[in-house]
Amino acid sequence: MSIARRTILALALAAGVALPAMTAAEAETLKIGVLATFEGAFTVLGEDSERGALTALDEFAHKAGGKDIEFIRGSSDASPDSAVRAARKLVEQDGVKILIGPLSGDEGIAVKEYAKTKPDVTFINGSSAAQDTTFRNPAPNFFRFSTDGAQWMAGLGTYAFKDKGYKSVAVVAEDYSFPYTQVFGFMAEFCKAGGHVPSKSWVPIGTKDFSSVIAALPDKVDAIYVALGGADAVNFLSQYQQAGGQAPLIGGSITVDQTVLTTKGKLHDVLIGTPSAGPTADTLDTPEWKAFVDEYKKQKGAFPSPSLFAHAYYVNAKAALLALNEVKGDLSDGGKAYRAALAKLSFMTPTGKVSLDQNREAIADIFLTEVTQGPDGALLNKLVKRIPQVNQTLGIDEAAFRALGTVSRDNPRCP
Amino acid sequence: MASSIAASRLQGTGTNALELDNVGRHFGALVALSGITMRIAAGARRAVLGSNGAGKTTLFNAITGDFLPSYGRIRFFGEDITGLAPQERIRRGLRRTYQISQLFRNLSVRDSVYLACRGVSNGRFSLVRPGAGDGAMLQAESILHAVHLDAEADVLVGTLSHGEQRQLEIALALAGAPRFILFDEPAAGLSPTERRDLIEILNALPRHIGFVIIEHDLDVALRVSDYVSMMHNGRLFKEGTPEEIENDAEVQQIYLGGGHG
Amino acid sequence: MSDNADQGRQALIGSGTGGGLTLRQVRTLFWLIVAAALAWLFIARWPEWLDGLLISKKAFLSAILNGLTLAGLYFLVASGFTLVFGLMRNVNLAHGSLYLLGAYIGYEVATVTGVWLLGVAAGFVVLAVVGLVMQILIFRRLEGDDLRQTLVTIGISIVAADLMLAVWSGSTYQISPPDWLQGAVKLPFATAYRSNGSVIYLTYPFYRLVVFAAAVAIGLGLWLMLNRTRIGMMIRAGVDDRAMLAASGKNVHLIFATVFAIGAGLAGFAGVVGGSALSVAPGEDVRYLLASLVVVIVGGMGSVTGAAIGALIIGLSEQIGLVYFPTYGVVLTFVIMVVTLSIRPQGLMGRAR
Amino acid sequence: MSLLTEVGSPAASRPHFPELFTQGHALLGFVLLVYPALASDFFVTQIGAYSLIVGLIALSLMVLAGYGGMVSMAQITIAGAAAYVVAILGDNNSGVHGLGWSWWIVVPVAAGSASVLSAIFGWIAVRTEGIYTIMITLAIATACFYFTQQNYALFNGFPGYSGLRAPTVLGVYWRDPQPFYYLCLTVAAIGYVAVLYAARSTFGLTLQAIRDNPRRMRAIGFDVTAHKVFAWWLAGLLAGVAGVLLAWFNGRVSPGTIAVAPAINILVVAVIGGLRHPIGPFVGALVVVVIQTFAIDIVGAERFNTLIGLFFLVIVFISPDGILGLWARYGPHPERDGKTSG
């Protein structure tokens with residue numbers, strides 16, 4: 001039958017492609033996989049991530065441990081399934097021994113699970129920031145030199161309660177794990193300080209019309225904590241403004257990042273003065289940060305200021321290269337020595353010192369910021385306070401922190 | 001279920017095959033059928049004549065249950081079938097053909113007739129392939145022979161000529177054990193030769209099978225029937241033997257004169 | 001038994017004449033209840049216990065008003081969809097892409113010229129032309145092959161989404177309506193009383209009221225066009241019986257092209273209007289396609305009145321769901337759809353075939 | 001609706017099952033059997049096994065669309081349902097459910113639930129006809145996607161379940177590349193042969209006749225609705241079994257598995273391959289999986305969707321019968337048979 005013959009041809013072709021690709025791995029060039037989101041709505045973020053990783057590579061002049069380093073891209077569409085498929089391709093087809101990525105939280109958990117099945121490959125996080133990637137059931141070969149979503153909130157709850165004097169805050173957040181984590185990080189401090197969160201509105205991702213949600217917010221709160229990203233954040237903020245919302249806002253890390261601040265339209269009034277916290281601050285004026293921004297800007301299509309995705313990929317890529325130098329590019333023992341070097345690694349990033357805890361999770365500085373208008377009229381995050389060396393348990397004793405349980409819609413509570 | 005059908009068949013012998021009592025149907029304000037009363041004996045062959053829009057096909061649809069009459073009663077071999085579902089009527093031995101062929105374009109002729117035979121028997125549902133010795137398959141072969149389609153058995157229905165499709169229409173109605181068939185313009189679009197063939201097929205049907213035939217071609221209608229009903233504007237207005245109708249002055253004036261187009 | 005079933009069917013269609021309430025009476029009763037409820041909302045005090053149930057009068061009224069505006073937007077998108085389907089039996093699964101493209105074009109034109117109304121006009125005109133081109137280049141070639149037409153629209157929507165992502169990236173755009181359309185208006189609904197007894201009235205964004213008014217106006221316009229103009233009559237005849245339209249020797253191609261242009265143009269128009277009320281971002285195409293699907297399935301294929309009713313039901317339930325049971329609010333609209341289907345497969349205003 | 005037409009092959013009366021025993025099938029079988037010996041692990045699982053799984057899901061669509069004239073967008077949803085059952089009743093490491101039942105209970109329950117769900121979808125969808133079915137099933141698929149995303153009690157919401165593992169039976173871990181490939185191959189072959197056989201069974205003929213003319217089928221005594229719903233049930237069984245394999249393949253299941261894009265993807269696969277013959281979905285799956293995997297090396301991933309969309313458009317435009325149709329038209333074809341070109 002004709003159809004059968006066609007199939008055979010295709011299969012033979014596929015198998016034929018396989019053979020040369022397998023022998024292509026050479027001794028002199030070391031390939032590192034970079035997995036980010038190059039398809040779908042988050043493509044912009046994926047591209048900025050890649051710029052971050054390339055900035056690190058340029059800094060090392062494309063060499064580490066005496067070998068030429070080459071990045072191979074893997075693409076997901078931000079869904080965990082596609083992230084695992086891309087990771088598999090990089091590891092099993094392209095034969096990378098080191099993989100940097102992925103971009104978003106649930107992808108991170110999925111790739112961590114995959115990492116457990118490939119003990120000889122070293123996985124270094126991209127920008128994904130889910131707590132459980134390293135906190136519960138960690139993979140021994142998964143490293144994260146960037147901080148998680150709860151860490152990013154360090155200091156914000158205390159700041160809102162003590163400095164801003166907010167006693168009662170309502171929460172509006174997207175209904176999935178990353179915002180759960182951010183709300184957790186905020187509330188862990190805020191509730192402990194004595195604050196109350198009488199209402200939490202979990203809205204589905206992709207909600208466009210928030211006005212009903214806004215109208216249903218309780219009148220008697222001092223502020224509203226908003227953990228929304230991208231278009232959802234823009235919609236909420238502009239509709240909050242339209243509805244004449246009076247209560248001040250507190251922002252999640254991606255609610256007031258450059259993707260939202262650079263939106264065309266008038267969000268200035270409602271955003272200025274909004275406190276937030278995260279792993280970077282636009283007005284950080286240390287020489288390390290400035291040097292990093294300059295280097296970053298040399299990349300094709302760079303934003304005026306690196307996004308936190310670019311920052312996270314940069315930090316993780318730099319860690320990967322530093323550890324390679326450490327082991328002189330030798331991965332012949334299945335990467336054992338390399339992973340030992342990574343675990344011990346402690347280095348200066350544009351945002352301060354970073355080192356790992358026993359779960360291979362970063363301990364790094366977090367920046368408390370407030371939205372202001374820059375001299376050119378553009379909105380940016382002004383540094384308010386630097387919270388030094390935040391660990392994954394936010395300074396709480398680990399057993400006590402673990403007792404708080406996994407993040408969810410209802411955890412934590414302090415009505 | 002099977003036994004009740006058999007019982008109704010037994011009980012039906014000797015009564016009329018089809019009885020219509022004051023059957024009417026209207027669509028909104030449009031009266032399509034009005035007060036039709038009709039008795040057709042088992043094995044009788046009736047032609048229904050009338051111009052387009054006289055309500056002939058509507059009458060068929062009411063009898064087969066394609067839609068329900070607005071009022072009136074229909075009995076089939078003594079059993080009231082007014083509210084029965086179409087397939088229930090089929091199982092009681094009622095069949096019909098369609099004015100515009102309703103066939104399965106992408107099936108072979110044999111498979112089409114096989115399915116029709118299967119549809120009126122028990123075990124309509126089977127995940128097994130029919131073998132050559134299958135009862136329904138054997139019946140299909142003999143029906144194909146009866147409608148002169150043996151040579152075409154393995155051809156796709158969609159590639160049949162118009163005349164062959166009309167023959168297949170009849171074949172589908174012969175499946176199972178038909179007791180009464182409604183033929184809706186079986187000769188439409190046929191060539192003179194094909195018409196002769198059709199008359200032959202219809203006259204060769206077993207005598208216990210009665211039928212009603214709607215036909216514009218008087219030649220066909222009068223040569224296959226033994227009684228004729230005339231319809232006009234949804235009503236019956238004249239009945240008689242073929243000779244009577246052929247010679248009736250009023251009929252000739254209203255209908256044969258210039259009514260049909 | 002059969003008679004009962006038949007009568008039941010007739011009552012549903014609306015021509016039942018038997019005892020009990022006639023449809024007209026039911027309708028009058030319905031509007032009386034609505035009017036009474038509205039009057040009560042205008043003047044009455046909101047009893048305390050309702051707060052527990054409905055959060056607050058302000059929240060409840062906002063949900064209703066937002067539901068209406070959203071319904072207006074859905075109607076604009078879905079009316080074109082339903083007309084195209086009714087006439088051509090062609091499910092245009094690229095309809096959402098037309099909405100999104102209209103929004104982007106509206107944004108560009110409004111930004112470059114600085115005139116919002118020009119953006120709106122461009123959204124309509126450009127998309128009407130796009131629709132025309134699609135009809136002539138694609139659908140006319142696949143005439144009579146409904147399924148292939150539908151599959152082609154899937155292909156178009158995939159390519160269009162990707163190309164729009166390439167051009168406009170994943171960023172969020174907001175189209176600013178002109179100042180005279182912005183700001184809030186005070187509506188005569190009392191939401192609270194100050195301690196001195198003075199009344200606090202509900203304020204509502206003026207622009208959203210305009211969106212709703214525009215939807216109503218366009219709905220009326222469509223209705224008039226379909227019922228009072230020659231081409232409208234031909235379209236309706238075509239929706240009812242396509243074969244008859246073809247047989248009557250009318251210029252079927254002209255009618256198809258007109259309907260497609262109007263449908264696509266309305267989607268583009270809705271894109272600009274909606275992009276001004278909310279925002280423009282990738283993914284909106286699928287969202288509005290799904291909304292149109294559900295609206296049209298609930299309302300009935302090919303019926304503009306049905307699209308209006310469907311849009312009202314879906315818009316209101318979406319907003320009420322968002323406020324009162326956010327967790328499963330998104331599922332609510334689909335549940336409504338499935339329930340409608342199981343009771344009336346052809347939709348509320350659709351014709352049984 | 002030429003896209004949905006099935007070539008009615010002659011001789012239903014032949015007693016055996018002749019179309020299976022052809023040179024082509026023998027050759028295809030041989031190549032598929034020795035393929036793992038020639039290819040790397042990656043090609044064995046990520047291309048080979050994955051294509052077979054996607055092909056199986058698309059096959060369930062082909063049964064509904066090609067034979068039944070019902071184009072469903074909900075097949076990935078049905079497969080996803082089976083995957084969720086595997087996650088809930090079997091083991092997972094998401095800390096929710098994971099009842100840890102043995103595979104020999106989990107697998108039949110998963111496939112069974114999927115087929116029942118499919119029959120329910122079918123029961124809703126068959127109330128409408130033709131082109132409506134696409135819309136209704138798309139809407140149902142979306143509703144299920146949202147529901148799983150929002151529901152934590154049963155579906156663990158947005159993250160879904162991870163850590164699903166294939167069982168170890170007879171000392172073999174069935175997710176290892178070679179065993180998993182042969183497992184998928186066996187299941188796909190059974191599905192393929194079953195569909196090939198059933199197409200010419202009484203039920204298969206009935207389904208095709210209903211596709212061609214439901215009114216006449218009613219008139220010759222068939223219960224059209226029941227047959228259509230049964231077709232949905234059968235297709236659901238195929239998709240359900242594929243869903244179990246998909247769960248083991250990915251090791252996880254989440255709302256993203258059953259989102260709108262994957263739903264459309266299955267339709268794209270089936271149409272690109274061709275809906276006329278049960279081999280079509282597998283051909284389509286292989287082509288799409290290969291393109292999907294290697295697009296990033298060739299054109300860069302950014303415009304991957306444009307590539308696949310254009311490919312789809314071209315296929316729909318020039319060959320309504322997909323790649324199979326192209327082959328029938330342009331491939332070497334000595335035994336070409338005039339009758340089948342209708």
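As the structure is a computational prediction, the values presented were derived from the model and not from experiment. Naming: A, B, ... by sequence-line order, numbering from 1 per chain.
- If you run side chain to side chain contact (heavy atoms under 4.5 Å, CB included) between C/L93 and each of C/I154, C/I158, C/L151, only C/I154 comes through.
- No part of C/L332 comes within reach of chain D, as not one of its non-hydrogen atoms sits under 4.5 angstrom from that chain.
- The two residues D/A235 and D/L64 make their nearest non-hydrogen contact at CB-CG, 3.7 Å.
- Neither the backbone nor the side chain of D/V314 has a heavy atom closer than 4.5 Å to any heavy atom of chain C.
- Heavy atoms of D/L310 lying under 4.5 Å from chain C belong to its backbone as well as its side chain.
- No part of D/I315 comes within reach of chain C, as not one of its non-hydrogen atoms sits under 4.5 angstrom from that chain.
- For D/F311, no part sits under 4.5 Å from any heavy atom of chain C, backbone or side chain.
- Counting all heavy atoms, side chain and backbone alike, C/T333 lies closest to C/S317 at CG2-OG, 3.6 Å.
- Between D/S60 and D/A239, the shortest heavy-atom distance links the atoms OG-CB, 3.7 Å.
- The aromatic rings of D/H97 and D/Y161 lie tilted to each other, with the angle between the two planes from 30° to 60°.
- Shown here for D/I258 and D/I76, the closest heavy-atom pair between the two residues is CG2-O, 3.5 Å.
- Residue with the most contacts toward chain D among C/V294, C/I156, C/L142, C/V335: C/I156 (heavy-atom pairs, distance under 4.5 Å).
- Heavy-atom distances place both the backbone and the side chain of D/Y146 under 4.5 Å from chain C.
- Heavy-atom distances place both the backbone and the side chain of C/V152 under 4.5 Å from chain D.
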